[in-house]
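The sequence lines fix the lettering, A, B, ..., with proteins before strands; numbering per chain opens at 1.
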Amino acid sequence: MNHIALKMLMGDRGKYLGIIMGLTFASLIMTQQPAIFVGILSRTSSFILDVGYPDIWVMDEKVQFVDDVKPLQDTELYRVRGVAGVQWAMPLYKGMLKARLSNGTFQTCNVIGLDDATLIGGPPMMLTGKLEDLRRSDGVIVDIDGATGKLAKPALEKDGKPIPLKIGDTLELNDKRAIVVGIAKTTKTFQSQPVIYTTYSRAVGFAPRERKLLTFVIVKAKAGENLHALTKRIKETTGLAAYTQEEFIELTVTYFLKNTGIPINFGISVLLGFLVGAAIAGQTFYNFTLENLRQFAVLKAMGASNGTLLRMILLQAVLVGSVGYGMGVGLTALFGYSMRNTILAFKFPWQLLVFSGVGVTLICMFAALLSIIKVIRLEPAIVFKG
Amino acid sequence: MATDIAVDCKNLTKVYDTGGDKVVALGGIDLQIRLGELMMLVGPSGCGKTTLISVIAGILNQDAGTCEIFGQNLLTMQHREKLKFRAANIGFVFQAYNLLPSLTAAENVSIPLILNGIKRKEAEKRGAEILEKVGLGSRTRSLPSQLSGGQQQRVAIARALVHNPKLIVCDEPTSALDHETGHHVMQLLKEVALHKDRALVIVTHDARIFGFADRIAKMDDGRIDSVVDAK
Ligand SMILES: Nc1ncnc2c1ncn2[C@@H]1O[C@H](COP(=O)(O)OP(=O)(O)OP(=O)(O)O)[C@@H](O)[C@H]1O
Ligand SMILES: [Mg+2]
């Protein structure tokens, strides 16, 4: 009876497409919105991953997430270096500084200062110039998004395109001159400010004078060292907070989950997608069954069991569910692909497939259940009614 | 019990209870239908004809009395057994044809066979053969919407016949058709559907087809008034 069930379903083009559209919509919303959510969340800690190398991050105890700057005294660096099991420990400056653009406006930038000698923690990928060029006087490396966007020079003629920063251009950071020596690609961060890399000592020079300026101490453990034991040891000897890379990411993500409206906003979107999809698809599917009630009654009169009819309806539900789910997920992937070069945060891990799959399954089960109840209660004697 | 009795109803009673109003649709029906005969059920609208054939076909339970179909009491049968019995032994023809609109003629006709456990391919092949018999050999792939009313009713008759049931029940099979087409449909039922191992019960208003009956049972107000030999 399976082919009959499928033909019944597809014979009613309008309803069939209506159900599919409802499910596609639900599946799209339930995949695309979480993908943006995951994208945004992963951006919150992309700096940590960009720095890459270190096993352990050491910082002030009160730091809640990666952009929460609570500087340390420079001497802490030496205390960390003194802990047993530390292969190396380097300073890392991270701070928001104002850059003055050539047209006189100001732009806040995320300035990263790398250890002068080793330059550890630099951008993941250089587009032009070399990281070592930072050793040239006043040298800074600007990220490509900043260079072509917020830090670009105004167009020469009216309505022209802004001119991207390039090597040799200058900027002023806190009234101090900086010369662009390279353009880098960085992973987009949550705040989407331009990122400027320079040496630690120069970064500290750019920053307003304060007693404490060391943001992080990044640590590489000796080979074979247990990272958890080492973080514990660093904490105990220095009284600072120390996290492995994963722990620091988790700390950051948890902060955003707990302290921002992001989860609730996306949660509401997903819920609405689910409800609207369930309403459209469930309603249309139920209507489809109602309209075919006479056909089901004829089958019942001819001896089809409730089990057979139930399987037919389930099969119909599975078909529309799979098609709708596939289309929704496909559209999401297409959406993500077409947005790949934009500012939009989008990440599509396989878990999202499971998530929206479960959502669509629930909708289909709900729709099928209503129909199944109706058909099981159906009296075959209605077949003779006009 | 005589083996040539297809249907044996004794004191059948059915009361519809529609929240307050009680409608006595069958008020004690005694009726026997023989194998090999075409029995017509006639009577004024609302007298209980449809109710009676619904009980006979095993798709409606009576409130009292017994109805034996080929010696079997459907009322006391297990639900599953009853479905199997219906699938194997009963063919239906309706006033409104009740074909599945998205299935071709051959697919529609194949349904009773599929419900009896026959594979789809074989079922559709046999469906096409029966369609040949009812004069629709060239229309096996047509959808109901592409067929005339008379042709649709012929497909429905083919569907009622295809699994070789011992009893065929028809409710107003010609009412939706013009006189001539109705006549052809009756001829088909009489010549192709009826044979010595099968009984036909046909409910009708249409006096012009009374001539096809072997016997006519006249009903009024939930009772059989008379059963007359039409030959
Ligand atoms: N499902 C039902 N619920 C309540 N009353 C019903 C139901 N079905 C039939 N009846 C009533 O039972 C009586 C007999 O109905 P039935 O349909 O058997 O008549 P009929 O002889 O087939 O009439 P017609 O020639 O108009 O088709 C009528 O009074 C009808 O209103
Ligand atoms: Mg009737």
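Under a cut-off of 6.0 angstrom, the local environment of CZ in A/Arg340 is crowded, with over 12 non-hydrogen atoms contributed by other residues, nucleotides or ligands. Residue A/Lys188 places its NZ atom among more than 12 non-hydrogen atoms of other residues, nucleotides or ligands, all under 6.0 Å distant. Other residues, nucleotides and ligands place no more than 12 heavy atoms under 6.0 Å from the CD atom of B/Gln78. No more than 12 heavy atoms of other residues, nucleotides or ligands lie within 6.0 Å of CE in A/Met21, so this atom counts as exposed by the packing criterion. Other residues, nucleotides and ligands place no more than 12 heavy atoms under 6.0 Å from the OH atom of A/Tyr337. No more than 12 heavy atoms of other residues, nucleotides or ligands lie within 6.0 Å of CD in A/Glu250, so this atom counts as exposed by the packing criterion. The neighbour count for B/Asp221 CG, taken as heavy atoms of other residues, nucleotides or ligands under 6.0 Å away, does not exceed 12. With a 6.0 Å radius and a threshold of 12 heavy atoms from other residues, nucleotides or ligands, A/Glu246 has its CD atom at or below the threshold.
Taking every heavy atom of both residues into account, A/Ala381 and B/Leu60 meet most closely at CB-CD1, 4.0 Å.
Side-chain atoms of B/Arg86 come within 3.5 Å of backbone N or O of A/Lys300 as a donor-acceptor pair. Panel note: side chain B/Ser102, backbone A/Lys7; a donor-acceptor pair is recorded below 3.5 Å.
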Does the pair B/Leu115 and A/Met1 meet the rule for a side-chain contact (heavy atoms from CB on, under 4.5 Å), with working shown? CA-CA 8 Å; B/Leu115 288 174; A/Met1 300 299 284; 3.8 Å; yes

For B/Phe94 and A/Val383, what are the C-alpha separation, side-chain angles and deciding distance, and is it a side-chain contact (heavy atoms from CB on, under 4.5 Å)? CA-CA 8 Å; B/Phe94 312 96; A/Val383 288; 3.5 Å; yes

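Between chain A and the residues B/Leu143, B/Leu103, B/Asn116, the most heavy-atom pairs under 4.5 angstrom are made by B/Leu103. Contact tally against chain A (heavy-atom pairs below 4.5 Å) for B/Arg120, B/Glu107, B/Lys82: the top residue is B/Arg120. For the set B/Ser110, B/Pro101, B/Pro112, the count of heavy-atom pairs under 4.5 angstrom toward chain A peaks at B/Pro101.
Note that CG of A/Asn306 is 5.5 Å distant from NE2 of B/His79, once rounded to the nearest 0.5 Å. Taking CG from B/Leu100 and CD1 from A/Ile4, the interatomic distance works out to 7.0 Å, rounded to the nearest 0.5 Å. Between atom OG of residue B/Ser54 and atom CD of residue A/Glu379 there is a gap of 10.5 Å, rounded to the nearest 0.5 Å. Atom-to-atom distance recorded for A/Met302:CE and B/Ile59:CD1 is 11.5 Å, nearest 0.5 angstrom. Summarising the geometry, atom OG belonging to A/Ser305 is positioned 10.5 Å from atom NZ belonging to B/Lys84; distances are rounded to the nearest 0.5 Å.
Residues A/Lys385 and B/Gln95 fail the side-chain proximity criterion, which asks for heavy atoms closer than 4.5 Å.
When heavy atoms are compared at a cutoff of 4.5 Å, B/Ile90 does not approach chain A at all. Interface remark: A/Leu299 contributes backbone and side-chain atoms alike to the contact with chain B (heavy atom separation under 4.5 Å).
For the side-chain contact (heavy atoms from CB on, under 4.5 Å) with A/Phe384, the qualifying choice from B/Asn98, B/Val169, B/Val203 is B/Val169, the only one to do so.
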